[in-house]
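Reviewing the structure listed below.
Side-chain atoms are counted along with the backbone in the values below, which use heavy atoms only and exclude waters and symmetry mates. Starting from 1, each residue takes its place in the sequence as its number.
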Amino acid sequence: MYDSIIIKNLKIYAYHGVNPEEKRDGQTFFLDITLQADLSRPCISDKVEDTINYDEVCNCAYRIMTENTYDLIERAAQSVCDGILNEFPQVMQIELTLKKPDAPVKCDIEYAAVKICRERKD
C-alpha cells in the first residue's frame, strides 16, 4: 500500500471537445489528481526534494492540457496521466478525474467527467 498526494479541483482553461465552438472558444476544466507513492523519505527528511512537488505536478497537467487539443476528455485524461508518470518516477499509481462543467448537453448537470486510474508498468 502506498501513501497519497491529493490535488483537488485544479482549474485549467483549455480547448477540448468534439464541437467546433469548444475548440474555438475553450472552456474551464477541473482535475482531481491522486498520486500513490512511497512518502516515507520526505516524512522523515522534511525536504521538498524528497517528495513529489505538487506545484510541479500541477504545472505538468496544465502544460499537457493547454498545449494539446483533444476531442474527448478521455484522451485528455490519459495524456495527463502519461505525462505525470513520465515526469515523476516516484509515482506508482495515478487516479485522475477530469471534470467538464460546461459540457454541451441539453440537461442541467453540475459537470460531465471521466475518472481513470493508471499504474506504473516497470
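A 4.5 Å side-chain heavy-atom check between Ile6 and Ile33 finds every atom pair outside the cut-off. At a threshold of 4.5 Å between non-hydrogen side-chain atoms, the residues Thr34 and Ile94 do not count as touching. Using a 4.5 Å heavy-atom cutoff, the side chains of Glu95 and Lys115 are in contact. Ser79 has its side chain out of reach of Asn68: every pair of non-hydrogen atoms, C-beta onward, lies at least 4.5 Å apart. Within the 4.5 Å cutoff, the side chain of Gln93 has heavy atoms near those of the Cys117 side chain. Within the 4.5 Å cutoff, the side chain of Thr97 has no heavy atoms near those of the Val114 side chain. Side-chain contact check for Arg41 versus Leu39: every heavy-atom pair is 4.5 Å or farther apart. Counting only heavy atoms from C-beta outward, the side chains of Leu96 and Asp32 never approach each other to under 4.5 Å.
Scanning all heavy atoms of the two residues, the minimum distance from Pro104 to Glu22 falls at CD-OE2, 3.3 Å. In terms of heavy-atom proximity, Thr51 sits nearest to Gln90 at O-NE2, 3.5 Å. The shortest non-hydrogen separation linking Val48 to Asn53 is CG2-ND2, 3.9 Å. When all heavy atoms are compared, the tightest approach of Leu98 to Ala76 is CD1-CB, 3.9 Å. What you find for Gln27 and Ala103 is that their closest heavy atoms are OE1-N, 4.1 Å.
At most 12 heavy atoms of other shown residues, nucleotides or ligands fall within 6.0 angstrom of atom CD in Glu110. Counting heavy-atom neighbours within 6.0 Å of Tyr2 OH, excluding the residue itself, gives a total of 12 or less. Around atom CG of Asp46, no more than 12 heavy atoms belonging to other residues, nucleotides or ligands sit under 6.0 Å away. Within a 6.0 Å sphere centred on OH of Tyr62, other residues, nucleotides and ligands contribute 12 heavy atoms or fewer. Counting non-hydrogen atoms of neighbouring residues, nucleotides and ligands closer than 6.0 angstrom, the CZ atom of Phe88 exceeds 12 such neighbours.
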Practice task
Quick one: do Phe29 and Ile73 satisfy side chain to side chain contact (heavy atoms under 4.5 Å, CB included)? Show the steps, please.
Solution key: CA-CA 9 Å; Phe29 296 87; Ile73 57 175; 3.9 Å; yes
Practice task
Begin with the C-alpha distance, continue with both residues' side-chain angles, and end with the deciding distance and a verdict on side chain to side chain contact (heavy atoms under 4.5 Å, CB included) for Phe30 and Thr28.
Solution key: CA-CA 7 Å; Phe30 291 94; Thr28 300; 3.7 Å; yes
Problem - Worked verdict on Leu10 versus Ile12 for side chain to side chain contact (heavy atoms under 4.5 Å, CB included) - result: CA-CA 6 Å; Leu10 172 61; Ile12 300 174; 3.9 Å; yes
Problem - Ile116 and Cys81: CA distance, side-chain angles, deciding distance, side chain to side chain contact (heavy atoms under 4.5 Å, CB included) verdict - result: CA-CA 9 Å; Ile116 65 173; Cys81 286; 3.7 Å; yes
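In the hydrophobic clustering of ILVMFWY residues, with side-chain heavy atoms under 4.5 Å counting as a link, Ile7 and Val91 come out together.
Rounded to the nearest 0.5 Å, atoms CG (Asn59) and CG (Asp55) are 4.5 Å apart. In this structure, CG on Asn9 lies 9.0 Å from CG on Leu31, to the nearest 0.5 angstrom. Rounded to the nearest 0.5 angstrom, Leu72 CG and Gln78 CD are separated by 12.0 Å. The CD atom of Glu67 sits 10.5 Å away from atom OG1 of Thr69, with the distance rounded to the nearest 0.5 Å. The distance from atom CG of Asp50 to atom OG of Ser45, rounded to the nearest 0.5 Å, is 3.5 Å.
Taking the six-membered ring for Trp and thresholds of 30 and 60 degrees, Tyr70 and His16 have nearly parallel ring planes, at less than 30 degrees apart.
Remark: side-chain polar atoms of Asp38 are paired, donor with acceptor, to backbone N or O of Ser40 under 3.5 angstrom.
Between Asp71 and Lys23 there is a salt bridge, since a side-chain N of the basic residue sits under 4.0 Å from a carboxylate O of the acidic one.
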